[in-house]
Participant: 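Take a look at the following structure, please.
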Amino acid sequence: MAILVTGGAGYIGSHTCIELLNADYEVVIVDNFSNSNPIALQRVQQITGKTIKVYEIDLLNELELERVFQENSIEAVIHFAGLKAVGESVVNPLLYFEKNLISTISLCTVMQKYNVKNIVFSSSATVYGLPETLPITEDFPLEVRNPYGRTKRMIEEMLHDVYISDSSWSISILRYFNPIGAHESGLIGEDSIGIPNNLMPYITKVAIGELKELNVFGNTYETSDGTGVRDYIHVCDLANGHVAALKKTIEMNEVGIFNLGTGRGYSVLEVLRAFESATSLTVPYKVCDPRPGDVAIYYADATRAFKELGWKAKKSLEEMCKDAWRWQLNNPNGYLKRKKQSTSSK
Ligand code: NAD
Ligand code: WQD
């Protein structure tokens with residue numbers, strides 16, 4: 001039996017494939033490479049010494065997708081594929097509804113047809129909006145603030161409805177906090193296209209000299225140093241969270257929602273200093289206006305994932321910084337030969 005990983009060539013997907021292969025799962029990937037490069041998958045095979053089966057398919061193409069279920073014995077699906085750039089989703093909401101919602105409907109329809117009813121879904125902590133208290137537990141009210149977040153919330157609700165209609169489905173919804181870092185080999189990592197929107201890839205691009213300085217978005221928030229606080233999680237810890245969730249999804253028939261974070265927040269300046277200390281580099285920065293839509297503090301209560309999945313994040317901020325830098329240094333142009341151009345980074 002194999003695990004189908006949609007979006008398996010992407011940032012989180014490629015790291016998760018490594019953990020799946022290391023745990024002896026057979027892996028089949030569906031990716032249209034709209035925001036990734038097949039080289040990532042060659043590197044996954046290089047790191048693990050194992051092979052994966054890859055289909056270059058857009059999830060919106062239901063007929064092509066059926067072929068994957070006909071040619072393989074799929075036991076469960078981990079569904080990463082989708083667009084993830086918040087700003088882009090505000091400018092082009094229909095694109096996000098099409099690419100995120102319709103493709104998930106297409107996937108679930110094919111799964112149902114081929115009687116594959118175990119799914120682990122990549123949701124996001126963004127569904128919590130502006131939390132009234134901290135840390136954030138899974139029971140907090142949801143409040144979406146942009147079309148990207150709305151697609152995540154709508155897919156969560158759709159999956160609930162699918163389960164209500166047929167309780168032989170088993171569904172894990174994983175709400176990620178802020179994944180950063182890279183595999184310790186330095187062979188795979190986050191391949192941002194253009195100017196990154198997110199903090200860590202921006203820092204590494206300043207450190208390597210590609211960008212002049214970090215723009216710190218606001219220093220008057222009610223936090224220890226006035227800069228925004230987030231729950232950064234090493235992408236390999238996050239990847240392991242998927243293996244833990246997958247085991248539970250295959251064993252049980254229920255809908256589970258899990259925060260995947262470390263439970264601790266760091267400010268922008270703390271991350272910057274941690275990066276400088278981990279790499280012995282100096283990263284120039286200037287303080288700018290706050291970024292519209294940003295919240296001051298966001299961090300997870302990850303107790304449920306520990307109690308029910310036996311998973312918790314282990315890697316330190318120092319390891320996140322060291323690994324992000326090793327990836328950047330070894331791959332100054334990411335995966336180099338890009339198959340297709342995409343506008344979305346996050
Ligand atoms: P990514 O863009 O690196 O990976 C997504 C992958 O899906 C890419 O390889 C892309 O080519 C593929 N893809 C996109 N649309 C497709 C389609 N229609 N058919 C087939 N393949 C398609 O993104 P990521 O950072 O690895 O994120 C993975 C998932 O996790 C996404 O659903 C994202 O919304 C979610 N998420 C990410 C973060 C984050 O900070 N990276 C945080 C929370 C949630
Ligand atoms: C982190 C902190 C910024 C860049 C985003 C998405 C979210 C989720 C994860 C998918 C904030 C500050 C950043 C910079 C800065 N993705 N910052 N200068 O905004 O918490 O979450 O990625 O689901 O939906 O919104 O992450 O890395 O952009 O920002 O000062 O150049 O760094 O203000 O405090 P964010 P981020």
Side-chain angles (χ1 to χ4, degrees), residues 5-16 29-38 40-41 55-61 64-65 78-87 89 96 98-100 102-104 106-107 121-128 144-146 148-149 151-152 155 174-180 189-193 195-203 205-206 211 213-219 221 223 227-233 235 238-239 242 260 265-269 271-272 285-288 290-298 339-340 342 344-346:
V5 183
T6 76
Y11 174 46
I12 306 171
S14 55
H15 288 83
T16 301
I29 286 175
V30 166
D31 203 302
N32 64 359
F33 302 114
S34 58
N35 197 39
S36 56
N37 193 303
L41 297 176
Y55 290 84
E56 183 171 354
I57 291 176
D58 192 306
L59 280 185
L60 288 164
N61 189 337
E64 281 282 285
L65 194 56
I78 305 184
H79 179 33
F80 292 106
L83 303 183
K84 58 169 182 173
V86 172
S89 80
Y96 274 66
E98 183 195 11
K99 297 290 185 186
N100 290 0
I102 313 277
S103 65
T104 306
S106 152
L107 172 68
F121 171 62
S122 298
S123 190
S124 167
T126 195
V127 296
Y128 296 116
V144 290
R145 292 158 69 87
N146 52 65
Y148 165 73
T151 65
K152 291 296 179 193
I155 293 169
L174 307 183
R175 294 180 179 154
Y176 314 154
F177 280 70
N178 289 57
I180 59 170
E190 184 167 14
D191 190 10
S192 306
I193 303 159
I195 298 176
N197 293 319
N198 299 102
L199 182 62
M200 184 53 81
Y202 204 105
I203 290 178
K205 285 200 185 289
V206 174
L211 296 169
E213 60 195 354
L214 173 70
N215 299 309
V216 174
F217 297 143
N219 67 351
Y221 288 113
T223 62
T227 65
V229 169
R230 295 290 183 274
D231 185 338
Y232 298 95
I233 174 170
V235 66
L238 188 67
H242 288 74
L260 296 188
Y266 287 98
S267 75
V268 175
L269 291 179
V271 173
L272 190 66
Y285 73 91
K286 70 167 190 294
V287 176
C288 313
R291 185 169 62 178
D294 266 1
V295 297
I297 312 186
Y298 230 64
K339 267 196 97 185
K340 290 174 189 166
S342 159
S344 61
S345 86
K346 203 180 288 180

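In this text, all values refer to a predicted model and were calculated from it rather than measured experimentally. Just follow the structure's listing: the first ligand is 1, and inside any ligand the first atom is 1. Counting begins at 1 with the first residue of the sequence.
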Participant: Give the minimum heavy-atom separation between S192 and P201, together with the two atoms involved.
Facilitator: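 Where S192 meets P201 most closely, the heavy atoms are OG-CB, 3.5 Å.
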Participant: Any N/O of M200 closer than 3.5 Å to an N/O of ligand 2?
Facilitator: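 For ligand 2, there is no N or O atom that lies under 3.5 Å from one belonging to M200.
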Participant: Between A125 and ligand 1, which part of the residue brings a heavy atom under 4.0 Å of the ligand: side chain, backbone, both or neither?
Facilitator: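 Neither part.
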Participant: Which of the atoms of ligand 2 are close to V216, meaning less than 4.0 Å from one of its heavy atoms?
Facilitator: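 With V216 as reference, the close atoms of ligand 2 come out as 30 (O).
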Participant: If the condition is side-chain hydrogen bond (donor to acceptor under 3.5 Å, both in side chains), which residues does R145 pass it with, not counting sequence neighbours?
Facilitator: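 With sequence neighbours excluded, R145 shows a side-chain hydrogen bond (donor to acceptor under 3.5 Å, both in side chains) to no residue whatsoever.
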Participant: For ligand 2, note which part of Y266 has a heavy atom under 4.0 Å away: side chain, backbone, both or neither.
Facilitator: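 For Y266, there is no contact with ligand 2 at all, from either part.
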Participant: Side chain, backbone, both or neither: which part of K152 has a heavy atom under 4.0 Å from ligand 1?
Facilitator: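 The part of K152 near ligand 1 is the side chain, not the backbone.
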Participant: Is there any N or O on Y176 that sits under 3.5 Å from an N or O of ligand 1?
Facilitator: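 Among all N and O atoms of Y176, none is under 3.5 Å from an N or O of ligand 1.
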Participant: Check each heavy atom of T126 against ligand 2 and say whether those closer than 4.0 Å belong to the side chain, the backbone, both or neither.
Facilitator: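 Side chain only; the backbone of T126 stays clear of ligand 2.
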Participant: May I ask you to list the atoms of ligand 2 that are less than 4.0 angstrom from any heavy atom of S124?
Facilitator: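 Those atoms are 10 (C), 23 (O), 24 (O).
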Participant: Which ligand 2 atoms, with their elements, are less than 4.0 angstrom from a heavy-atom of Y148?
Facilitator: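 It comes down to these atoms of ligand 2: 10 (C), 23 (O), 24 (O).
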Participant: Is the centre of the Y176 ring less than 6.0 Å from the centre of the H242 ring?
Facilitator: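 Between Y176 and H242, the centre distance is under 6.0 Å.
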Participant: If the cut-off is 4.0 Å to any non-hydrogen atom of L214, which atoms of ligand 2 fall inside it?
Facilitator: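 Result: 18 (N), 31 (O).
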Participant: For E98, enumerate each residue passing the salt bridge (Lys or Arg N to Asp or Glu O under 4.0 Å) test, keeping only those at least two apart in sequence or located in another chain.
Facilitator: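 In terms of salt bridge (Lys or Arg N to Asp or Glu O under 4.0 Å), with neighbours along the sequence ignored, E98 is linked to no residue.
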Participant: Geometry only, no angles: is K84 polar-contacting ligand 2 at N/O separations under 3.5 Å?
Facilitator: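 No; the residue has no nitrogen or oxygen that sits under 3.5 Å from a nitrogen or oxygen of the ligand.
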Participant: Select one of side chain, backbone, both or neither to describe which atoms of N198 lie under 4.0 Å from any atom of ligand 2, heavy atoms only.
Facilitator: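 Both the backbone and the side chain of N198 come within reach of ligand 2.
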Participant: Judging by distance only, is a nitrogen or oxygen of L83 under 3.5 angstrom from one on ligand 1?
Facilitator: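 Looking only at distances, the answer is no, because the N/O contact criterion of under 3.5 Å is not met.
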Participant: Can you find an N or O of R230 that's nearer than 3.5 Å to an N or O of ligand 2?
Facilitator: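 By distance alone, the answer is yes.
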Participant: Using heavy-atom distances only, which candidate in N215, I203, I180 approaches atom 18 (N) of ligand 2 most closely?
Facilitator: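 Shortest heavy-atom distance from atom 18 (N) of ligand 2: N215.
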